[in-house]
S.K.: 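If you scroll down you'll find the structure; I have some questions about it.
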Amino acid sequence: MTAGLLEAYEKHPVISKQEPCRIDVLRRFGYYSTESNGHLSEYLPWYRKGDQERWINNEVWSGGRTAGYLDACTKRKDEYKNMYPKWLIGETEFIPLVSAPKSMVLIFWKLWKREGRIEAISTSNLPGGITVEVPCYVDKTGIHAVHVGNLPIQCAATCRTSISVQKMAVEAALKGDKELVKLAVLHDPTAETIARR
């Protein structure tokens, strides 16, 4: 099945140009990634070094440009700063929803309105308390995760690097520990590309 999926992606006139990193990971790892082209390139440092333009889709902010997400958020910071107090007191409609078919914002909004629930699962070959993306189905009682078992070893290895960085960043934020923030950055696979920006 992977071979057929890879061939379909490589031959597609639009996706082959929009998702070069994602397609390369499918080719190398043998598994399809749920992460976007941009996020995926952040987890695997070789896509952010050398000829990185080969792996980036500059047509969209999420296509893999270094700090693309930060730039997108920065452009909207004034809107959020002005609107957040109004959303909290109900003066105006809550955060505008994105109507993309797989938008988690939309799913969570629907669950919150209906008081639904979300099932959580983990895999035994990742540290405890870690959330991973798995296939789910949604009904009026909530989101139901489909059990998939352990991640393939090459996928779990990629996750573990990011998990360590994220744990340090969270602990640093909770404790106000600036030194731990620096250590988290030093362990981030893309720190070098950010420094060169």
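Computed from a prediction, not measured in an experiment: that's the story for all the values here.
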S.K.: Same hydrophobic cluster for Leu151 and Ile163, using side-chain heavy-atom links shorter than 4.5 Å among ILVMFWY?
M.R.: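 Yes.
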S.K.: Taking all atoms of both residues into account, what is the closest heavy-atom pair of Tyr43 and Ser162, and its distance?
M.R.: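 Nearest pair, atom of Tyr43 first, then Ser162: CD2-OG, 3.2 Å.
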S.K.: Please output the side-chain donor-acceptor pairs of residues 165-181 that fall under 3.5 Å, not counting sequence neighbours, one pair per line with the distance.
M.R.:
from, atom 1, to, atom 2, distance (Å)
Glu171, OE2, Lys175, NZ, 2.7
Asp177, OD1, Glu179, N, 3.0
Asp177, OD1, Leu180, N, 3.0
Glu179, OE2, Lys182, NZ, 3.2

S.K.: Name all residues meeting the side chain to side chain donor-acceptor pair (under 3.5 Å) criterion together with Asp24; count only those two or more places apart in sequence or in a different chain, and write none if there are none.
M.R.: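 Only Arg27, Arg28, Tyr47 meet the side chain to side chain donor-acceptor pair (under 3.5 Å) criterion with Asp24.
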S.K.: Any side-chain to backbone donor/acceptor pair from Asn37 onto Cys21? Under 3.5 Å, distance only.
M.R.: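 Yes, Asn37 side chain to Cys21 backbone: donor-acceptor pair under 3.5 Å.
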S.K.: When you compare the side chain of Gln154 with that of Thr158, does any pair of heavy atoms fall below 4.5 Å?
M.R.: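 The answer is no, as the side chains (C-beta and beyond) never meet within the 4.5 Å cut-off.
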S.K.: Backbone N or O of Glu35 within a donor-acceptor pair of the Arg22 side chain at under 3.5 Å?
M.R.: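 Between the backbone of Glu35 and the side chain of Arg22 there is a qualifying donor-acceptor contact (under 3.5 Å).
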S.K.: In this structure, would Leu40 and Tyr32 fall into the same cluster of hydrophobic residues linked by side-chain contacts under 4.5 Å?
M.R.: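 Not linked; separate clusters.
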S.K.: For the CD atom of Glu10 and the CD1 atom of Ile15, what is their distance to the nearest 0.5 Å?
M.R.: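 With rounding to 0.5 Å, CD (Glu10) is 12.0 Å from CD1 (Ile15).
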S.K.: Taking all non-hydrogen atoms of both residues, which atom of Ala156 and which atom of Asn125 are closest, and how far apart?
M.R.: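 Nearest pair, atom of Ala156 first, then Asn125: CB-ND2, 3.7 Å.
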S.K.: Should we say atom CD1 of Ile153 is surrounded by more than 12 heavy atoms from elsewhere, each under 6.0 Å from it?
M.R.: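 No - once you tally the heavy atoms of other residues, nucleotides and ligands closer than 6.0 Å, there are 12 at most.
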S.K.: Which atom names give the shortest non-hydrogen contact between Pro13 and Lys17, and what distance separates them?
M.R.: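 The answer is O-NZ, 3.4 Å.
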